[in-house]
Protein chains: 2
Amino acid sequence: MVSASFGDTQTQILDAAEQLFAEQGFGATSLRSIIRAADVNLAAIHYHFGSKEKLIVATIERMAQPIVQAELKQLAAVQAEHPQPTVEAILHAMLAPALEIVYHGQGDRGLTQARLMGRCRTEPTIEPIGAQAFAKSSQTFLTALQQALPDQSTSELTWKFDLVIAMLIRVLCAADQPNAILQDNSPAETAAAIERLVHFAAAGMKS
Amino acid sequence: MVSASFGDTQTQILDAAEQLFAEQGFGATSLRSIIRAADVNLAAIHYHFGSKEKLIVATIERMAQPIVQAELKQLAAVQAEHPQPTVEAILHAMLAPALEIVYHGQGDRGLTQARLMGRCRTEPTIEPIGAQAFAKSSQTFLTALQQALPDQSTSELTWKFDLVIAMLIRVLCAADQPNAILQDNSPAETAAAIERLVHFAAAGMKS
DNA sequence: GTCTATAATTCGATAGAC
DNA sequence: GTCTATCGAATTATAGAC
């Protein structure tokens with residue numbers, strides 16, 4: 001397979017699908033609205049991706065892979081510095097990459113990707129696909145939290161971890177609403193929002 | 001369906017819609033699947049409710065009204081006992097009613113209603129309807145939290161309040177999954193889960 | 001109020017020419 | 001690889017008999 005160059009049909013389809021899936025959800029977005037936005041033919045989607053579901057999988061994986069890699073890289077850096085990192089340091093490595101793409105993406109692309117990540121957990125049909133895309137990250141961070149909080153049982157840490165992810169998802173989905181934790185896309189404001197969220201989540205994890 | 005033989009046509013439709021909307025989401029549930037489950041005619045939905053959207057509004061409001069009333073009643077009771085209730089007491093009044101319907105409801109009705117409440121925030125088209133149904137509760141509890149935590153700014157309390165609601169929604173939506181915070185529907189387990197969630201949320205609110 | 005029948009769209013998917 | 005044309009099925013909604 002040839003790697004997609006800029007303006008490629010596949011890339012045009014993925015870009016349009018990413019934006020529309022993020023805005024409207026997966027089930028509510030028709031292939032016809034995607035081909036209108038991408039300015040391609042309807043048959044091109046089936047030629048390149050096979051079906052709507054395979055397009056959804058490809059869209060999610062393209063969004064998730066850089067985030068998972070960044071999360072694992074930050075955790076590895078933290079662990080290399082301190083053999084036993086604090087809960088705050090682990091949560092920072094876990095939450096920062098997803099929030100940072102909001103302003104690292106070119107134009108509105110970052111906000112779109114953030115919403116798409118959040119949307120992976122809002123539709124029951126889609127949730128397994130999203131869980132699969134983020135599985136490696138989830139397992140690694142849950143293990144790190146168990147080492148940092150050895151007094152808490154696995155089941156307790158599991159539902160707390162789940163609640164922290166739920167908070168991240170909410171922050172991502174509500175990133176453009178008034179009174180959101182993330183007020184604007186500036187690097188300084190994003191860094192401050194990450195600290196607020198880490199602090200809030202760490203207090204709950206230790207409770 | 002046996003249960004469909006009870007009640008009038010409107011109630012049969014609302015019962016079936018409640019269950020299917022909760023399981024599959026609003027957009028993914030067709031009127032035809034509802035009339036099959038309710039054992040009524042397709043035209044009956046349009047005769048009694050006018051359109052799919054109006055049926056969604058009616059279903060959400062029927063679910064939300066008892067919960068909002070219970071939340072406001074519990075908060076009033078807490079405030080009557082102590083003029084300045086603790087954060088934990090406020091959060092308990094805010095979180096307990098929604099979780100308690102899980103086992104107070106007859107049969108699986110409670111779990112269905114809990115999932116439906118959670119689902120109100122997962123589809124962007126539906127979120128304004130759900131926010132409207134819970135608006136009175138949201139305003140009242142945000143005011144109570146501002147009085148209990150006067151050192152925190154309104155914007156800070158607003159996004160923290162939003163995160164607590166996000167956690168509640170997650171608990172409701174994941175109520176039947178393994179490793180969830182709510183392991184089973186017994187009153188004792190539900191009360192314990194409420195305490196865990198209140199403790200987790202209070203730690204974050206005070207952070 | 002309840003039903004049958006159907007209108008009017010929209011959807012995902014595919015065949016086949018180029 | 002890209003296009004036109006279309007299939008078959010699903011959807012919401014409505015008209016009109018009873």
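Residue numbers start from 1 in every chain, and the chains themselves are labelled A, B, ... in the order their sequence lines are given, proteins ahead of strands.
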What's the [atom1]-[atom2] distance between [X] and [N], to the nearest Å?
X: A/I35; N: D/dA5; atom1: CD1; atom2: P; answer: 14 Å
X: B/I34; N: D/dT11; atom1: CD1; atom2: P; answer: 11 Å
X: A/R36; N: C/dC11; atom1: CZ; atom2: C1'; answer: 12 Å
X: A/R32; N: C/dT14; atom1: CZ; atom2: C1'; answer: 12 Å
X: B/I45; N: D/dT11; atom1: CD1; atom2: P; answer: 12 Å
X: A/Q10; N: D/dG1; atom1: CD; atom2: P; answer: 7 Å
X: B/H46; N: D/dG16; atom1: NE2; atom2: P; answer: 17 Å
X: A/D8; N: D/dT2; atom1: CG; atom2: C1'; answer: 13 Å

Strictly by modelled atom types, are B/Q152 and B/K206 linked by a side-chain donor-acceptor pair under 3.5 Å?
no
So, B/T112 and B/Q19: side-chain donor and acceptor under 3.5 Å apart, yes or no?
no
Compare every heavy atom of [Y] with every heavy atom of [X], then report the nearest pair and how far apart it is.
X: B/A17; Y: B/T59; value: CB-OG1, 3.8 Å
X: A/E123; Y: A/G27; value: OE1-N, 3.0 Å
X: B/R121; Y: B/A166; value: NH1-N, 3.4 Å

Have a look at [X] and say if it touches a base, only the backbone sugar-phosphate, or nothing, with a 4.0 Å heavy-atom cut-off.
X: B/A43; answer: base
X: A/T29; answer: sugar-phosphate
X: A/L42; answer: base

With a 4.0 Å cutoff (strictly under), does any side-chain N or O of A/S30 reach OP1 or OP2 of C/dC11?
yes
Between A/S51 and C/dG12, does any side-chain N or O lie under 4.0 Å from OP1 or OP2?
no
Of all the choices, [options], which nucleotide is nearest to the side chain of [X] once you look at every atom?
X: A/Y47; options: D/dG1, C/dT14, C/dG12; answer: D/dG1
X: B/K52; options: D/dA13, D/dT2, C/dA13; answer: D/dA13
X: B/N41; options: D/dA13, C/dC3, C/dA13; answer: C/dC3
X: B/H48; options: C/dT2, D/dT14, C/dA13; answer: C/dT2

